[in-house]
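Beneath this line is the structure, given in structure tokens, with notes to follow.
Nothing fancy with the numbering, it's 1 onward along the sequence. Remember, it's 1-based here, ligands and their atoms both numbered in the order they're listed.
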Amino acid sequence: MTSSNELRQKKIIEKTEAFVKAELSNDPTGHDWWHIHRVVQMSKRLADAEGADIFVCVLAALLHDVADEKLNESKESGLRKVGDWLETQLVNKEECRHVLEIISTMSYNAGTNPPMRTLEGKVVQDADRLDAIGAIAIARTFLYAGWIGHPIYDPDIVPRDSMTPKEYRHDKSTAINHFHEKLLKLKDRINTITAKKIAEERHLYMEQYVDRFYLEWEGQV
Ligand code: ADP
Ligand code: NI
């Protein structure tokens, strides 16, 4: 029999799905509803394997990009939007605080953020990062580069070794550089053992893709 708590959680998840779909349906940057769907699916898998609270993970995964800095006037206004939404739901204070903590600290931020505090935070951050490694990640990267007007590749624009969050966001770069500046570094920034295994396999695929890209560029294959 389903308990009243399970029913409560199911309702919240369903309503939040509809809210997020409406918020992100027109997003052209690779943070659309289907990115959320993938992060939710992966969060469930990781939470199950790692023994994390699935409800908190799914709720945070659903809402993590609604508060994204790039899609809001500021980080604060994005977080307020999520906080306001949670207040209208039957989410208890502790769950609400936990979800807000996860989504306010999980962003990559040019690699400058401290480690996630809780297992649930680690799980959702891993799930989001896994969507930036592998076959789908390649597609997202070219989509995003096109959206901000970056070329696929330019040998004269070299990848930057280190950069501030502002430089990371605003300097002219290329889609291929993004692999070196961020995506190929992600596998060493994964929190859980379960996600690490998935990341390593996806990383290899992406590395082979980039190697092949350079060979084709020079007409060698
Ligand atoms: P986060 O919010 O985790 O810091 P982003 O939202 O910056 O990550 O990036 C999400 C995805 O968008 C990346 O995995 C990548 O595929 C794409 N992306 C972000 N920035 C760039 C960029 N400068 N060039 C190409 N793709 C990018
Ligand atoms: Ni995301």
Side-chain angles (χ1 to χ4, degrees), residues 16 20-21 23-25 27-43 46 57-72 74-75 78-79 82 99 102-116 121-154 157-160 162-191 195 198-199 202-203 205-207 209-210 213:
T16 303
V20 175
K21 267 186 193 159
E23 283 284 324
L24 299 178
S25 59
D27 176 81
T29 70
H31 297 84
D32 55 291
W33 165 252
W34 294 113
H35 163 64
I36 306 303
H37 169 80
R38 295 188 299 270
V39 175
V40 169
Q41 292 307 103
M42 183 57 80
S43 292
L46 299 179
C57 289
V58 169
L59 205 51
L62 278 171
L63 289 163
H64 83 276
D65 273 337
V66 170
D68 193 291
E69 260 181 282
K70 292 187 292 308
L71 314 174
N72 288 284
S74 65
K75 192 169 171 175
L79 285 172
V82 174
V99 168
I102 293 172
I103 63 180
S104 62
T105 53
M106 66 180 273
S107 177
Y108 182 69
N109 243 334
T112 56
N113 276 354
M116 299 301 286
K122 291 184 168 105
V123 159
V124 180
Q125 186 179 58
D126 279 356
D128 192 34
R129 290 192 173 165
L130 282 173
D131 208 46
I133 312 174
I136 291 173
I138 295 172
R140 287 178 81 204
T141 301
F142 289 104
L143 179 78
Y144 191 99
W147 181 65
I148 54 174
H150 286 178
I152 54 173
Y153 178 51
D154 181 341
I157 307 177
V158 291
R160 297 157 293 182
S162 62
M163 57 199 139
T164 63
K166 199 160 166 255
E167 286 165 348
Y168 165 69
R169 279 280 172 248
H170 299 292
D171 283 6
K172 185 93 184 159
S173 194
T174 72
I176 286 293
N177 279 359
H178 193 65
F179 287 87
H180 301 292
E181 291 170 355
K182 175 177 171 187
L183 308 185
L184 291 167
K185 295 180 179 169
L186 287 175
K187 83 159 172 35
D188 294 324
R189 294 176 182 273
I190 296 288
N191 307 298
I198 303 168
R202 289 187 181 191
H203 177 90
Y205 179 86
M206 210 160 60
E207 219 170 33
Y209 172 81
V210 174
F213 186 99

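In the vicinity of D128, heavy-atom distances shorter than 4.0 Å reach the ligand 1 atoms 3 (O). Residue-ligand proximity, D68 to ligand 1, at heavy-atom distances under 4.0 Å covers atoms 2 (O). Contact atoms of ligand 1 toward S107: 1 (P), 2 (O), 4 (O) (distance under 4.0 Å to a heavy atom of the residue). Heavy-atom proximity to A132, at under 4.0 Å, picks out these atoms of ligand 1: 14 (O). The T141 neighbourhood of ligand 1 comprises atoms 15 (C), 16 (O), 25 (C), 26 (N), with distances under 4.0 Å to a heavy atom of that residue.
In this structure, the side chains of V99 and I102 stay at 4.5 Å or more apart for every pair of heavy atoms.
Atom OH of Y153 is surrounded by more than 12 heavy atoms from other residues, nucleotides or ligands within 6.0 Å.
Within the 4.0 Å heavy-atom cutoff, K182 counts among the residues contacting ligand 1. The closest approach between L183 and ligand 1 falls below 4.0 Å for a heavy atom of the residue.
No donor-acceptor pair closer than 3.5 Å links the side chain of D126 to the backbone N or O of L46. Listed for the H64 side chain is a donor-acceptor partner under 3.5 Å among the backbone atoms of A61.
Because the distance cut-off is set at 2.8 Å, D131 fails to qualify as a neighbour of the Ni ion (ligand 2), as none of its N, O or S atoms comes that close. The Ni ion (ligand 2) has an N, O or S atom of D65 closer than 2.8 Å.
Ranked by closest heavy atom to atom 20 (N) of ligand 1, the top entry among Y144, F142, F179 is Y144.
Under the 30°/60° scheme for interplanar angles, the aromatic rings of H37 and W34 are found to stand perpendicular. In this structure, F179 and F142 have tilted ring planes: the angle between them lies in the 30° to 60° band.
The minimum distance between the Ni ion (ligand 2) and any N, O or S atom of D128 involves atom OD1.
Taking both residues in full, the closest heavy atoms of M206 and A137 are given as SD-CB, 4.3 Å, listed atom of the first, atom of the second, then distance. Closest heavy-atom contact between A127 and V39: CB-O, 3.6 Å.
Centred on the Ni ion (ligand 2), the NE2 atom of H64 and the NE2 atom of H35 lie at an angle of 100°, reported to 10°.
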